[in-house]
Amino acid sequence: MKKLLSLLLSVCLLLTLAAPALGSGEITVKEIQKYGNLVLSLKGSEFLALGYAYGDIVTTAINGADYEMPVGSNYSDVDQGSMICRVVIKEETNEDCVILAINMGDLATAAGIAVKEKIEADPGYVWHYQVEEPVAVAIAMKEQGGYYDQYVMHQLSRSENRADYPNLTDAQFANFRAVTTTGMGENRLYRSSSPVNPEINRNKEADAAAAAAGVKTFVNLADSEETMKGYEGFADSYYAKQAVICLNLGVDFAADEFKVGLAQGVRFIAANEGPYLVHCNEGKDRAGFTSAVLEALMGATAEEITADNMVTFFNYYGVQPGAEQYDVIAASNIQKSLAAAFGMTSIFEGNLQAAAVNYLTAIGVSAEDIAAAQANLAGVSN
């Protein structure tokens with residue numbers, strides 16, 4: 001099927017004229033989103049009408065530098081740390097835009113066009129431009145269809161409608177589960193989608209599951225306190241009555257901001273009573289990475305960490321072990337990000353627990369807090 005799709009694409013490309021280059025000045029940065037993604041003044045429908053297509057590779061010029069980016073529909077169409085020209089056209093949400101981004105990164109900072117300041121007021125951040133506004137962007141075709149095979153491999157589709165997941169429990173729909181890897185105490189650490197953010201329609205199921213599990217301490221990786229308390233229904237949630245730390249983190253795991261926040265989260269676990277729950281919005285990226293670090297800290301193997309992380313992709317997308325996409329997603333997702341953080345070539349080589357201790361020490365967690373977090377996650381007293 002993949003070869004047939006590639007052949008059909010090649011035929012279509014031969015029948016169309018090359019997409020025109022879009023010079024600097026024709027396109028500008030319209031908005032910088034929370035995680036450093038650049039929303040352009042060009043609409044997605046306009047971009048595709050010019051002859052560009054999903055799976056192409058384009059060259060984008062931003063602030064005096066050129067970047068090669070595949071054209072995709074989702075951030076997950078590329079590996080973590082890779083750039084993407086994301087074309088979003090969704091009638092149901094009235095979205096029609098082109099977004100330049102780094103998957104799990106911060107393009108605005110990387111390209112040197114703006115610096116983000118965290119604030120308590122909603123939405124929890126403000127961008128300060130470092131270059132003259134409006135920021136001009138140029139786009140030109142690098143290779144038609146040059147990324148198409150990889151694009152097909154990365155395609156994932158999900159629904160936010162509970163009825164579309166009849167074979168999942170409410171907890172699975174909320175991406176809620178206990179972490180059961182080696183060294184972790186029974187029912188000590190949980191992970192899930194947000195129990196309070198209603199954006200993906202899983203908050204009520206996540207909150208109910210947390211209540212049933214008796215979670216006492218929450219590490220909220222996604223929100224500022226003001227944003228969290230502003231969600232509809234927050235005050236009436238189980239979550240609102242427990243110990244919560246709001247870290248308001250981005251999705252660039254290599255950023256100093258993320259490291260400082262993660263260290264705060266680990267210290268919060270060390271200082272508070274369990275059971276614990278780690279979440280972001282989907283419980284997929286920031287929560288996945290944080291869970292992996294804690295799992296490694298407690299002695300989990302690379303295989304266990306991978307398997308736990310991939311449960312998320314089953315809950316959202318139905319991806320199961322043995323599926324063609326499974327190994328591709330695992331390698332480009334948690335295996336890659338954890339290896340980069342730990343300074344390892346591969347998480348399947350070396351001592352992950354020692355690497356986790358070294359990593360947490362490097363980002364500012366004391367030996368005493370590491371030991372306290374380990375004891376709390378194991379369910380034993382110091």
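The chain is numbered in sequence order, starting from 1.
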Q.
Taking the side chain as everything from C-beta on, heavy atoms only, tell me whether Leu352 gets closer than 4.5 Å to Ile305.
A. yes
Q: Might you point out which heavy atoms bring Leu297 and Gln353 nearest each other, and give the distance in Å?
A: O-NE2, 2.8 Å
Q: Determine, step by step, whether Thr306 and Phe348 satisfy the side chain to side chain contact (heavy atoms under 4.5 Å, CB included) criterion, reporting the C-alpha distance in whole Å, the side-chain angles of both residues, the deciding distance to 0.1 Å, and the verdict.
A: CA-CA 10 Å; Thr306 298; Phe348 293 92; 4.1 Å; yes
Q. Without hydrogens or angle criteria, can the side chains of Tyr54 and Asp77 be said to hold a donor-acceptor pair below 3.5 Å?
A. no
Q) What do the steps show when you test Ser194 against Asn203 for side chain to side chain donor-acceptor pair (under 3.5 Å), and what is the final call? A) CA-CA 6 Å; Ser194 175; Asn203 56 305; over 6 Å; no
Q: Supply the atom-to-atom distance Asp285 CG to Leu249 CG, rounded to the nearest 0.5 angstrom.
A: 13.0 Å
Q: Please say whether the positively charged group of Arg177, taken as NZ for Lys or CZ for Arg, lies over the ring of Phe314, i.e. under 6.0 angstrom from the six-membered ring centre and within 45 degrees of the axis.
A: no
Q) Which heavy atom in Asn281 sits nearest to a heavy atom in Arg286, and how many Å separate them? A) ND2-NH2, 3.6 Å
Q | Pairwise distance CD1(Ile363) to CD(Gln264) - rounded to 0.5 angstrom | A | 10.0 Å
Q: Assess whether side chain to side chain contact (heavy atoms under 4.5 Å, CB included) is satisfied between Tyr147 and His154, documenting all intermediate values.
A: CA-CA 11 Å; Tyr147 190 76; His154 282 82; 3.7 Å; yes
Q.
Can a donor-acceptor pair be found, under 3.5 Å and without considering hydrogens, that links the side chain of Lys142 to the backbone of Glu68?
A. no
Q: Measure the spacing between OH of Tyr75 and CG of Asn37 and express it to the nearest 0.5 Å.
A: 4.0 Å
Q. Shortest non-hydrogen contact from Met184 to Glu295?
A. CE-CA, 4.1 Å
Q. Are Val88 and Met104 co-members of a hydrophobic cluster defined by side-chain heavy atoms under 4.5 Å apart?
A. no
(Q) Counting C-beta onward and ignoring hydrogens, is there a side-chain heavy-atom pair between Ile200 and Ser193 closer than 4.5 Å? (A) yes
Q. Checking Asn376 side chain against Ile269 main chain: does a donor-acceptor pair fall under 3.5 Å?
A. yes
Q | Verdict with supporting geometry, Asp56 and Met141, side chain to side chain contact (heavy atoms under 4.5 Å, CB included) | A | CA-CA 8 Å; Asp56 289 342; Met141 181 71 76; 3.3 Å; yes
Q.
Between Pro321 and Met310, is there a side-chain heavy-atom distance shorter than 4.5 Å?
A. no
Q. Can you get from Val244 to Val219 by hopping between Ile, Leu, Val, Met, Phe, Trp and Tyr side chains that sit under 4.5 Å apart?
A. no
Q) Taking side chain as C-beta onward, heavy atoms only, is Gln33 less than 4.5 Å from Val39? A) yes
Q) Would you call the rings of Phe218 and Tyr238 parallel, tilted or perpendicular, where under 30° means parallel and over 60° means perpendicular? A) perpendicular
Q. Which class fits the ring pair Phe234 and Tyr239: parallel under 30°, tilted 30 to 60°, perpendicular over 60°?
A. perpendicular
Q: Indicate the atoms forming the closest heavy-atom contact of Phe342 with Ala296, along with that distance.
A: CE2-CB, 3.9 Å
**Q.** Residues Arg191, Asp308: salt bridge by 4.0 Å N-O rule
**A.** yes
(Q) A side-chain contact here means heavy atoms from C-beta on lying under 4.5 Å apart; do Leu156 and Val319 qualify? (A) yes
Q: Could you walk me through whether Ile139 and Thr59 pass the side chain to side chain contact (heavy atoms under 4.5 Å, CB included) test, one step at a time?
A: CA-CA 6 Å; Ile139 300 177; Thr59 300; over 6 Å; no
Q) Of the non-hydrogen atoms in Cys85 and Val98, which two are nearest, and what is the gap between them? A) SG-CG1, 3.8 Å
Q. Is it true that the side chains of Asn248 and Lys34 contain a donor and an acceptor less than 3.5 Å apart?
A. yes
Q: For the pair Tyr148 and Tyr151, name the ring-plane relationship: parallel under 30°, tilted 30 to 60°, perpendicular over 60°.
A: tilted
Q. Mind checking whether Ile119 and Val260 sit in one hydrophobic cluster, side chains of I, L, V, M, F, W, Y counted as touching below 4.5 Å?
A. no
**Q.** Worked check of side chain to side chain donor-acceptor pair (under 3.5 Å) between Ser159 and Asp164
**A.** CA-CA 7 Å; Ser159 167; Asp164 292 333; 2.6 Å; yes
Q.
Check for me, please, whether Tyr35 and Leu107 land in the same ILVMFWY cluster - side-chain distances under 4.5 Å, paths through other members count.
A. no
Q) Going by atom types only, do Asp223 and Tyr231 share a side-chain donor-acceptor pair under 3.5 Å? A) yes
Q) Is there a side-chain contact between Val179 and Val278 (heavy atoms, below 4.5 Å)? A) no
Q: Classify the angle between the aromatic ring planes of Phe289 and Phe253 as parallel (below 30°), tilted (30 to 60°) or perpendicular (above 60°).
A: parallel
Q.
Run the side chain to side chain donor-acceptor pair (under 3.5 Å) test on Glu226 and Ser224 for me, step by step, so that the C-alpha distance in whole Å, both residues' side-chain angles and the decisive distance to 0.1 Å come before the verdict.
A. CA-CA 5 Å; Glu226 182 173 337; Ser224 68; over 6 Å; no
Q: Determine, step by step, whether Asn103 and Ser82 satisfy the side chain to side chain donor-acceptor pair (under 3.5 Å) criterion, reporting the C-alpha distance in whole Å, the side-chain angles of both residues, the deciding distance to 0.1 Å, and the verdict.
A: CA-CA 6 Å; Asn103 182 20; Ser82 296; over 6 Å; no
Q) Looking at Asn74 and Arg86, what are the two nearest heavy atoms and their distance? A) CA-NE, 3.7 Å
Q | Residue pair Leu40 / Phe47, side-chain heavy-atom distance below 4.5 Å | A | no
Q. Any side-chain heavy-atom pair from Asp369 and Val266 closer than 4.5 angstrom?
A. no
